[in-house]
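Encoded as structure tokens, the structure appears first; notes follow it.
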Amino acid sequence: MDVDQLAGLIPDGAKIAVPPDYSGVAIEATRAIIRRGIRGLHLVCVPVSGLQADMLIGAGCVATLETSAVSLGEYGTAPRFVAGLKGRAFRMMDATCPAIHAAIQAAGKGLPFMPLRGLLGSDLLASRPDWKVMDNPFAEAADPIVLLPAIRPDIALFHAPYADRNGNVFIGRRRELVAMAHAATTALVTVEEIRDVDLLGAEETAAGTLAGAYIGGIAVAPRGAWPLNLWNIYAHDETHMRQYAEMARTDEGFTAYLDRFVHRAAAAE
Amino acid sequence: MDVDQLAGLIPDGAKIAVPPDYSGVAIEATRAIIRRGIRGLHLVCVPVSGLQADMLIGAGCVATLETSAVSLGEYGTAPRFVAGLKGRAFRMMDATCPAIHAAIQAAGKGLPFMPLRGLLGSDLLASRPDWKVMDNPFAEAADPIVLLPAIRPDIALFHAPYADRNGNVFIGRRRELVAMAHAATTALVTVEEIRDVDLLGAEETAAGTLAGAYIGGIAVAPRGAWPLNLWNIYAHDETHMRQYAEMARTDEGFTAYLDRFVHRAAAAE
Amino acid sequence: MADFNRHELLIATIARLLDGCRLVATGAASPIPGAGALLARARSGGRMRVNVLGSIRNDFLCDGGVELFDLAAQGRLDAFFLGGGQIDGQANINLVGAGGSYPQTDVRWPGSFGSGYLYYLVPRVILFREEHTRRVMVPKVDFVSAAGPANDGTYRPGGPIGLLTNLCWFAFDRARRRFVLETVHPGHSVEEVRDNTGFDFDCPDDVPETARPDPATLTLLRDTIAREIAETYPRFAAQIFGVSAA
Amino acid sequence: MADFNRHELLIATIARLLDGCRLVATGAASPIPGAGALLARARSGGRMRVNVLGSIRNDFLCDGGVELFDLAAQGRLDAFFLGGGQIDGQANINLVGAGGSYPQTDVRWPGSFGSGYLYYLVPRVILFREEHTRRVMVPKVDFVSAAGPANDGTYRPGGPIGLLTNLCWFAFDRARRRFVLETVHPGHSVEEVRDNTGFDFDCPDDVPETARPDPATLTLLRDTIAREIAETYPRFAAQIFGVSAA
């Protein structure tokens, strides 16, 4: 399966969970999603995003954004996120990181909800009618606690260093990827390469493996996180990130960026 | 620190979480606990136990037992467990495996409780006044769901293949050990050996590591799970397990077993 | 029964009951369900995954002891096996103890394990208990480790599809909350089932014999599955099939 | 200020505020808190652990992105740092946006990150925002990402101990829900603080100067800590200390 075929498994309107920049982001697959013109996505950032959310928003793929933050980090504001929000291009669901983790874990445990401390008195809570406050029934005095409904993504999408010959994927200590895959109906994964090994065959690698039973599609995408880094395997492309941050500041610049790096780059292959 | 010193960190009345036989059970430390005459333990089996619970019960160390099962597996009934229960030697809290996992995870997340599906209409639920049933506030129709109070052990106690030079412990894919350590105030761990490596230095081993920040004491105990197996590193001692199952059938036999394999063996060293 | 033994019949029956599953798991001390699941997988054309607890080759769980339960709650686990020291006619199962007054029961078994959860969540639970006596098949269990389906509208995607014993296969009629004697194993009779069952069950006038394993199935079982199950259950495989691990 | 710079003063002040902690963590883009935590650790005689997000050598988290939050909830994390696009006099913080009408704010920042949780659970939260202007220090934040302590009896083991800026250190008086100007940095004045603060705060008649880092601290910082922080923040370390990673 190639990356475009993988992207083809994502229907319009799907709820997609994606990881933070440090976990391995499927940017090559993101370009494929944009090329296919997929629309109406409910993007769940577990728990934050950067370039990926900004590109998908700018390309008009996103109907709902659920996240604790969107930022290009040292490259500054995520310009398409800010512009899209101002232009009401999508519905915004602001959260705090552990709330998204907890709601994802609730889905992975088949629970309707998960309680979470914190949040009381915040506008995060006030702006989320889907979150409820109950009184902790185990406390003697009044003890309000927030209940978060489970987030059940249709798809978990991420990029990892490699898959083994049996379709298991190495995720190392990035356990948010495991949580996302458990919560989602299926996981779509791009990898740098397929290795002729058995990840479940040794205790060391098994501990950092997402089993193939959770995975609905794997595509090989060398440097598939570019221009982001993949763990400490390759660094982010500073020049390109600066170029993106600059070009994405305007609608025209972003269109030119897509034309050059998403549409034309693929056509040239 | 040696195993007897490690056991000395456990006060009378402590709530101790221990893993199932396949995860790495600290039996050498269990013998040390019995030698020290520690009393009044609240033993939480995560989620079941075998030889360890049976020995601790037989030696009079246990005041409360919270577990989903106690069994010697292919060696049959856990005789001291059954005798102790009949003799009202301890308070019994019967559970089901995922309920103990969930309550341990609740503590690891600092939550007062965790919901869990299942259990409705069972005598497990009826016999546990500490478990509550609430109506799922996210459902439109009536939808009762069980809430389990967090289990916060004072100590998580287990045996693992090795620790690194920085006090991190390799636990591989036995993530119930991570959950136990996160839930407990501190973890006490016996290991086969200390290796001059840095487990957090490589992605493969980091994925299977419990960080030293959770660990309050490590003692080297070669073959520290004996006569149980340690993962697939060494097998259980079939002859000894049969001997235990036979001797532990009577009070006198169990006393003779302790004398020979717990008290006298240590004195001979 | 000259051409197959009791274990082979049970394994082949289990494999048939698992037909169409995507993911099947077996628990501790379950050689017959394990062999049945591996047989079903071999005939599934690659559509079925099997997770055998205790296996190295056929165990993909790598997220700790909770993963099996999470799999079930996610709706990914289609079938599982449960037994019981007592089983009653409403499919309540008891893994805790009998007689006396809980917790001081006259007989005490190890405990409920995961039954109080998996029984509610796995769509195709096969109750499997070889011993078919009035000691096991009781009118009412003394302790409910996991309740039969109550049909009261509470969340219950899972439950028993039936009960397999050394004598017969009962299907469970969830709407009527009763077992129905569906087939009796070769060499046994409806009377024998009735004499050894302490609970009421539905019994059609004509109860067919449990399907005998066909030669192709027996060949597959003895040539291939026997070696696969020997990895996890070497004594069982040696005793039943005379083979050691592949 | 001939013998130390502003960054060194902030780092030394943070290290002092962390004295006695067992475990301190720093978040993304936090070189000054990171250096302060490493300095505090160096002076703790081995009693303090520090987790620097983004470090290889000083990051023990290996249970995924949720571990930091779980650590906080377990009560193991003694101190953390939070900032905000706006901070008000009741210690409410806003990391979402200002002006307009949420979610269409005139200015939009990245989002609340973990603040809506950690602020409630970590006992010693240090609010750290270098920019000290009326744009940041407002009478009332436009959006509450995380609320200042309400003292209403709800579960709240955590909260701010104070607010460190380029101009001063405000302690937070939790009982009175107000900041108290505790020290003003060398080279700045109470008037300057007042002019640049949009919220009311308590101001004693005599506000001492923030303690200057002593020579031993500066030596430790420049010789050792600078190289340690360079591993995670090489540009910062090069710019402030002129060093590269150890």
Side-chain angles (χ1 to χ4, degrees), chain A residues 24 98-99 101-103 105-106 108-118 129-140 143-150 152 160-162 170-175 177-179 197 199-211 230-233, chain B residues 24 98-99 101-103 105-106 108-118 129-140 143-150 152 160-162 170-175 177-179 197 199-211 230-233:
Chain A
H101 286 305
Q105 289 175 321
K109 300 189 160 300
L111 293 172
F113 62 86
M114 187 85 99
L116 193 78
R117 289 297 192 182
D130 54 327
W131 293 352
K132 293 179 191 291
V133 179
M134 74 172 284
D135 200 50
N136 168 17
F138 295 93
E140 293 183 11
D143 180 22
I145 185 167
V146 177
L147 302 186
L148 311 162
R152 303 181 195 283
Y162 67 96
F170 186 66
I171 52 88
R173 71 185 97 176
R174 273 65 181 185
R175 297 204 70 79
L177 302 176
V178 173
V197 296
L199 280 166
L200 297 176
E203 201 60 40
E204 273 80 4
T205 52
T209 296
L210 175 67
L230 175 59
W231 305 0
N232 55 1
I233 296 169
Chain B
H101 286 303
Q105 288 175 321
K109 299 188 161 301
L111 293 172
F113 61 86
M114 188 84 99
L116 192 78
R117 290 298 193 181
D130 54 327
W131 292 353
K132 293 180 191 289
V133 179
M134 75 172 285
D135 200 48
N136 168 15
F138 296 92
E140 295 183 10
D143 181 20
I145 186 168
V146 177
L147 302 186
L148 311 162
R152 304 181 194 284
Y162 65 97
F170 186 66
I171 53 89
R173 71 186 96 176
R174 272 66 181 187
R175 297 205 70 80
L177 301 176
V178 173
V197 296
L199 280 166
L200 297 176
E203 200 61 40
E204 273 80 4
T205 51
T209 295
L210 175 68
L230 175 59
W231 305 2
N232 55 1
I233 295 170

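- Contact annotation for A:Asp130: only backbone heavy atoms (N, CA, C, O) come within less than 4.5 Å of a heavy atom of chain B.
- Residue contact with chain A, scored on non-hydrogen atoms closer than 4.5 Å, is absent for B:Leu199.
- Ranked by heavy-atom pairs under 4.5 Å with chain A, the first of B:Gly208, B:Pro98, B:Ala207, B:Pro161 is B:Ala207.
- Take B:Glu203 and apply the salt bridge (charged side-chain N to carboxylate O under 4.0 Å, His left out) test, not counting sequence neighbours, and it matches A:Arg173, A:Arg174.
- Residue contact with chain B, scored on non-hydrogen atoms closer than 4.5 Å, is absent for A:Ala139.
- Using a 4.5 Å cut-off between heavy atoms, A:Leu148 contacts chain B through its backbone alone, with no side-chain atom that close.
- Residue with the most contacts toward chain A among B:Met114, B:Arg117, B:Lys132, B:Gln105: B:Lys132 (heavy-atom pairs, distance under 4.5 Å).
- Scanning all heavy atoms of the two residues, the minimum distance from B:Val178 to B:Leu210 falls at CA-CD1, 4.3 Å.
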Next item on the list: Please lay out, stage by stage, how B:Leu116 and B:Trp131 fare under the test side-chain contact (heavy atoms from CB on, under 4.5 Å).
Entry: CA-CA 10 Å; B:Leu116 192 78; B:Trp131 292 353; over 6 Å; no

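- Once rounded to the nearest 0.5 Å, the distance linking CD of B:Glu204 with OG1 of B:Thr209 reads 11.0 Å.
- Residue B:Ile145 touches chain A through its side chain alone, counting heavy-atom pairs closer than 4.5 Å.
- Across all their heavy atoms, B:Pro144 and B:Val133 have their closest contact at CB-CG1, 3.7 Å.
- Listed for the A:Asp135 side chain is a donor-acceptor partner under 3.5 Å among the backbone atoms of A:Asp143.
- Put simply, of B:Phe113, B:Phe170, B:Phe138, the one with the most heavy-atom pairs under 4.5 Å next to chain A is B:Phe138.
- Side-chain contact between A:Pro112 and B:Pro137 is absent, with no heavy atoms from C-beta onward closer than 4.5 Å.
- Both the backbone and the side chain of B:Leu147 have a heavy atom closer than 4.5 Å to some heavy atom of chain A.
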